[in-house]
Each structure stands twice: as structure tokens, then as C-alpha cells.
Asks: 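One structure, pasted below without further comment.
Indexing begins at 1, ligand by ligand and atom by atom, following the structure's order. Worth knowing before you read on, the calculation uses all heavy atoms, side chains too, and leaves out hydrogens, waters and symmetry mates. For reference, positions follow the sequence shown, starting with 1.
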Amino acid sequence: MNSTALHELSVAQLATQLRRRKVSAVETAEHFLKRVHANAALGAFLDLNEDVTLAQARAADAALAADAAGAPLLGVPMAHKDIFVTRDFVSTAGSKMLAGYRSPFDATVVTRLAEQGVVTLGKLNCDEFAMGSANENSAFGPVKNPWDCTRVPGGSSGGSAAAVAARLVPAATGTDTGGSIRQPASFCGITGIKPTYGRASRYGMVAFASSLDQAGALARSAEDCSLLLSAMCGPDPERDSTSLDAPAEDFTVTLNASLEGLRIGVPAEFFGAGLASEVGTAIDNALKEFQKLGARLVPISLPRTELSIPVYYIIAPAEASSNLSRFDGVKFGHRAAQYSDLIDMYKKTRTEGFGDEVKRRIMIGTYVLSHGYYDAYYLQAQKVRRMIADDFRQAFRQCDVIAGPVAPTVAWKIGDKADDPVANYLADIFTLPASLAGLPGMSIPVGFSADQMPVGMQLIGNYLQEAKLLNAAHRFQQATDWHLAKPQGF
Ligand code: GLN
């Protein structure tokens, strides 16, 4: 088959071509590696190991030759956000603290995908320890948005989203703590899903905020995301005590269910003054399309939406300050070259190893957990977190899925918010509520701004209702072609 077209194929189509032996896994991997090199200026990849990639591809070809009906992802190349630790690739979490670090084991999600025959192309840039909304906090430089290289790709899974949008890889893993799959998917015009908290194992994900961190998938379509998620999810009781006891599901089997009678909740609080009008218009048009497909719109209220920002930016830094205490120059990664005693070694190591945003969060987190402030901040935030989850519980009595914008605006210019942490935090307003409640959420492309930047719609489901989200997104994508649009030059 004509190899120039390989990167235009969806995961599902590519898997079929591989099974039919129209193309080999080795040719496929080589084709994508070539694209990765040719587009290195995007800054999407942090590590490659071509020997390993090609060895995995040869193994996939052998398996395909032996059993063409094998696993559905056999021979399909993917890349992993650098939050997932990997034995064969460097794992940095976007931090100087872990520059050059090699893990002795693979994250469970990486293992599960490898067991399905996925070929790993490399590791993808991200905000340092997944803290950020623009991928400008990576110690290894920013990632550029393929739709406009002067703009951010979103974050923290910015490398994943940019690589998929630029067709450097058909699909990628990401992690979402407060929006880091949905928001970059939206900014780069691709599809992304974060499952229910606990559905995919956190084992081997470098921890940011453990009660929020969740692995998920980024690809061009809901159909592709459903293939990936089916492989990634499932209990991991021995390695992640918070992994849910919910069996792995095949999310592809329910993709074609009718949307007739589906009740889509539209929260008033997601359409307020802060929403850019061009984003609002694209979302309204998408809602009309859903109505044509048989869905019914139900006005709902998520009254504590605004509070999700202060609540998240207390809880996430609190957990981060604890999780990051392990980076002390003794157990992992970077250690200062010169120091006078143990305390001095800690100080210099952490001063050198962490970037500004990470230090800011360690300080905020330590403060809100400290004696005298714990009750006023951390405990209070936990109470409001519960109330935010209760608001969703109420809402899901009236509707099956919730729809709204992913972010108030399209992707901004690189540098525009780089020195203004609060401006970054405020842009998370629509993704934080579902994260705090532990609900599944996804982003699908639904239009463009006047300057041709993609707009994403967020779909939020009730607990363990990923299939419903993927079905709704898939039906929408069968009726529209926003997800097929591609950035010029890629
Ligand atoms: N933007 C949010 C933050 O900076 C969310 C990041 C994430 O989901 N990892 O914390």
C-alpha cells in the first residue's frame, strides 16, 4: 500500500490493513518515525529508541503472520505521555529532576497496551509533573500547536495532543488530573477521553495528585478512543489500591446505539460571561446536531462550578507537595553536585531540579496542609469537593450525559499566559468539576474559531458510563466531519 497515506488512517483502519497484511508493522513504525523526525520542531517527543520500536514491530509482524485475527491493536504504533514510566525509554515527567531517568518497570497502562500488540514509538512531552494547561511548564521546552505554531497545544498532555493532530502517531496516552486530556484534545482538534477515576491503573504514572490522576486516550476519533480505552482499563488490585473493581469492557460494541431519547444536560454555569462567543456558537451548533440525532436538551445547573477552581488548586497542590517529597536527591534522579550536609543537599537538589510552577505548588500545598491552616483550607476544600460531586449526582437524575465547552477560549499564544499562573488556573474552570467528582469526561472537535483554531465540546458521563460518552461522540462524528479536519502542512 502507498505509504504516504499511512498516517491518514485511523487506528481502526490501520489495524485492519495490518491484519490483512497490506502493510507490515515494521513499515508502519518506520513511516511514523520518519514523520516524528521531520517534525521535531513541534517539540512533541522527548525520547525515541528506534531499536526497541522496530523490535516490537518485528514481534507484531510475527504475531500477525501466525494469527491474523489476533488482538485488535496488533502492530499499531502509539506513544506515551512522559508521565508513564517505561523500561525501554527515558521517563522524565517533563522535569529536570528526572532527566535521563530509567524506570526498572513499565506502567500498567503501558504493559496492557503492549500485551495487545501496540508498538511504542516513544515518549511525549508534557508539563512538569503534569502541572499546567499550556505545556509551557516542561523543563524540555514548550510544544507547539500544529494548527498554529505560535500557539500552545494545551496541557498538560500537550505533546500527546500535538503528535496526534500532526499525524506523527495515530494515538497516544495521556493523563488527566484537572483537564489534561480534554483541554489539549480540544486545543488541537482531536478526540480525548478520561475515564472514571480508578478505571485505568495509576501504577507507574508519576504521581501528581493521587485522588485525581487518571490515565486516558487521545486519538482522532471516538471509535479509536474506544479501541484504546478497552485495552487500557480494568482492575489492577495488586498494584493500585484505588483501581476500581469494574471489569474491563469492550467499548467498541456499543458505539452504534441510537441517540433517540438521550437526555443531554446543558449546565447554565458553563455558558456564562467568561465564554468566548465563538466557542459558545460552535457548542450551540453541536448541540443542535445532537438534537437532529434524536437527543433531547435538558437545562441543568451545576451551581458550584466556580468553586471548583479554588477547591482544585488547594487539593491538587496539597497532594502534590506530599507526592513530590520523594524527590530528595537520594532515591531518584537529580542530585546537586555540591553541598555541605544532608539538609543542604535536599535544598540544592530541589532548587535545581524543580521548575517554578512545581515549586509554587509545593509551597501552596505545604501551606494548606500546615497546622493552623489545614482546617481553614484543606478540610474546607474537601467538603466543597463533596458538594460538587453531589451537584453532579442531582444533575444525573435529569440527564444521561452533560455537554458544554472544554475551555472558555481556543488555544492562546505561546508566552501570553506564561507569567500569569492564575490566568492558567482560571482557564481550567470547565474541566475541573468532573475531575473533582471523579467522573468520566471527553472532548470532541465541534468547530473552529474565526482564526481557524479548533473548538472542543466536553461530554461528561455518570460513573462508569464511558460507553455512553463514546457512543454519543461516535454518532456525532458519523454525522459530522470536524474530527477529519487536519492542520495545514501535516
Ligand atoms: N491544568 C491543571 C493543572 O495545572 C490540570 C493539569 C492536569 O490535568 N494534569 O493542574
Asks: Does any N or O atom in Asp176 lie less than 3.5 angstrom from one in ligand 1, N or O only?
Replies: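 Checking ligand 1 against Asp176, no N or O pair falls under 3.5 Å apart.
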Asks: Below 4.0 angstrom from a heavy atom of Met131, which ligand 1 atoms are there? Numbered from 1 as shown, please.
Replies: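 Here the atoms of ligand 1 in question are 4 (O).
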Asks: For atom 3 (C) of ligand 1, tell me which residue out of Tyr425, Tyr313, Phe208 has the closest non-hydrogen atom.
Replies: Tyr313
Asks: Pull out every atom of ligand 1 sitting under 4.0 Å from any heavy atom of Ser156, numbered as shown with elements.
Replies: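 Per the distance check, 9 (N).
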Asks: Crowded around Asp420 CG? As in, over 12 foreign heavy atoms under 6.0 Å?
Replies: yes
Asks: Determine, using ring centers only, whether Trp147 and Phe187 are less than 6.0 Å apart.
Replies: no
Asks: Taking only heavy atoms of Gly178 into account, list the atoms of ligand 1 that are under 4.0 Å away from them.
Replies: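 What qualifies from ligand 1 is 5 (C), 7 (C), 8 (O).
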Asks: Taking atom types as modelled and ignoring hydrogens, do the side chains of Ser211 and Glu319 form a donor-acceptor contact shorter than 3.5 angstrom?
Replies: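 Ser211 vs Glu319: donor-acceptor pair found between side chains.
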Asks: Among Tyr373, Tyr374, Tyr313, which residue satisfies the ring pair (Phe, Tyr, Trp, His ring centres under 6.0 Å) criterion with Tyr367?
Replies: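 The ring pair (Phe, Tyr, Trp, His ring centres under 6.0 Å) with Tyr367 is passed solely by Tyr373 among Tyr373, Tyr374, Tyr313.
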Asks: Measuring from non-hydrogen atoms of Gln183 to any atom of ligand 1, is the shortest distance under 4.0 Å?
Replies: no
Asks: What residue and heavy atom of the protein are closest to atom 5 (C) of ligand 1, and at what distance?
Replies: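 Protein heavy atom with the smallest distance to atom 5 (C) of ligand 1: Tyr312 OH, 3.3 Å.
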Asks: Val76 and Val119: side-chain contact (heavy atoms from CB on, under 4.5 Å), yes or no, with the steps?
Replies: CA-CA 6 Å; Val76 172; Val119 172; over 6 Å; no
Asks: Quick one: does Gly179 get a heavy atom under 4.0 Å from ligand 1?
Replies: yes
Asks: Just checking, any donor-acceptor pair under 3.5 angstrom between side chains of Ser301 and Glu269?
Replies: yes
Asks: Does Arg361 approach ligand 1 within less than 4.0 angstrom via side chain, backbone, both or neither, non-hydrogen atoms only?
Replies: side chain
Asks: Can you tell me which residue and heavy atom of the protein come closest to atom 2 (C) of ligand 1, and the distance to 0.1 Å?
Replies: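 Answer, as residue, atom name and distance: Asp428 OD2, 3.1 Å.
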Asks: Could you list the atoms of ligand 1 found under 4.0 angstrom from a heavy atom of Ala130?
Replies: 6 (C), 7 (C), 9 (N)
Asks: Counting non-hydrogen protein atoms only, what is the nearest one to atom 6 (C) of ligand 1? Give residue, atom name and distance.
Replies: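 Checking every protein heavy atom, the shortest distance to atom 6 (C) of ligand 1 gives Ser180 OG, 2.9 Å.
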Asks: For a quick check under 3.5 Å, do Glu223 and Thr252 share a side-chain donor-acceptor pair by atom type?
Replies: no
Asks: Does one side chain, of Asp213 or Tyr197, offer a donor that lies under 3.5 Å from an acceptor on the other?
Replies: no
